[in-house]
Amino acid sequence: MRIDLHTHSTASDGTDTPAQLVRNAAAAGLDVVALTDHDTTRGYAEAVAALAGLDRGLTLVTGAELSCRLDGVGLHMLAYLFDPDEPELARERELVRDDRVPRAKAMIGKLRELGVPVTWEQVARIAGDGSVGRPHIAEALVELGVVPTVSDAFTPDWLGDGGRAYAEKHELDPFDAIRLVKAAGGVTVFAHPAAVKRGQVVPESAIAALAAAGLDGIEADHMDHDPATRTRLHGLAEDLGLLATGSSDYHGSRKTCVLGEFTTDPEIYGEITRRATGAFPVPGAGGRAGA
Ligand SMILES: [Zn+2]
Ligand SMILES: [Zn+2]
C-alpha cells in the first residue's frame, strides 16, 4: 500500500488541478493521497468528484498545510481530516489567505527596488486560480532569468525567510494551530521540520514542546531532509511518541519531486485515520485502499 500524505494543487501553488492531481496519483500507483494545499480547503470538492472517474482504487485524505511561525521561525503544519466547516479554524485559514495578495505585492515591490523587473501582472498570470504565494514569485524570477530554478529563489538573497525580498504574512502560532485542528477533529503533523535549505528551523526542544501540546507527528521522510536527518527524525519521533510520516510534497511541475517519492507506513496512516474525527478518508473507485 503506497501512501503519500502531502501534495499541492492549483488551489494553492501546485500546477495540477485537484482533478489532475487525483488522476496523476492513481497513475503513479498510489493507494492513498492527501491533498494539503496551503491554508485552503477549496480543492476538496473537485478532488472528491474526480475519484469517481478513476479505473483503480485511490483513497483521498483531505487536509491543508497551515502557515505558522514560532519565535520568528516560519514553519508548516500539516492538518489532516479536520472538519472544513469548523468556524474557528476556517477563520484562521481565511486570515492567512487574505494576506497573500498584499504580501505578494510587498515582495514584488522589494524585488523591483532590487532592480528586478517583475510585475504583479506576471505573478498573477503564473498563479492563475491558485492562492498566490512565494513559489509563483520564484517562478517569475526563473522566467526573468534571475535564478535558474524555483528553489534557488528561496535563499537569503531573494525570497527565503528574512531574505532581501521577503515580506511577512499572517501566520498561526503552531500551539494554536494544534489546538484549533484538534478542536476541528483533525490530526497535526509538523511538515519538513528540518528542511534547513528553506531557512532557519526550530530546535528539537520546540518539537518536544509541540509534542507535549498535542502534536501528532512529524514528517520525517521528505526530499528536503538528507538520509542522516531522516534517521535522526525517526529517532526523535520514537523518543517523543510521535508518528513519523513520509511524503512527496508534490507541486506538479513547479518542483522536481514526483508523487510517491516518499511514502508513509500503512500502520502510521491507520493511526492518523483512527485519531481523526472531523472528516473521513474518501474511498475512490474500487475503494480497496480505504482505512
Ligand atoms: Zn511546506
Ligand atoms: Zn507543502
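Start at 1 and go down the list; that is how both ligands and their atoms are numbered. Heavy atoms only: backbone and side chains are in, while hydrogens, waters and symmetry mates are out.
- Checking Asp37, Asp16, Thr15 one by one against Ser9, the side-chain hydrogen bond (donor to acceptor under 3.5 Å, both in side chains) holds for a single residue, Asp37.
- Using a distance-only test at 3.5 Å, with no hydrogens or angles considered, a donor-acceptor pair links the side chain of Gln20 to the main chain of Thr17.
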Does the side chain to side chain contact (heavy atoms under 4.5 Å, CB included) test come out yes or no for Arg97 and Leu95, once each step is laid out?
CA-CA 5 Å; Arg97 280 204 312 276; Leu95 281 174; over 6 Å; no
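- Seen from the Zn ion (ligand 2), atom OD1 on Asp249 and atom NE2 on His6 lie at an angle near 80° (rounded to 10 degrees).
- Residue contact annotation: His38 places no N/O/S atom under 2.8 Å from the Zn ion (ligand 2).
- Glu65 contributes atom OE2 as its closest N/O/S atom to the Zn ion (ligand 1).
- A centroid separation of less than 6.0 Å is found between the aromatic rings of His76 and His192.
- For His76, the N, O or S atom closest to the Zn ion (ligand 1) goes by the atom name ND1.
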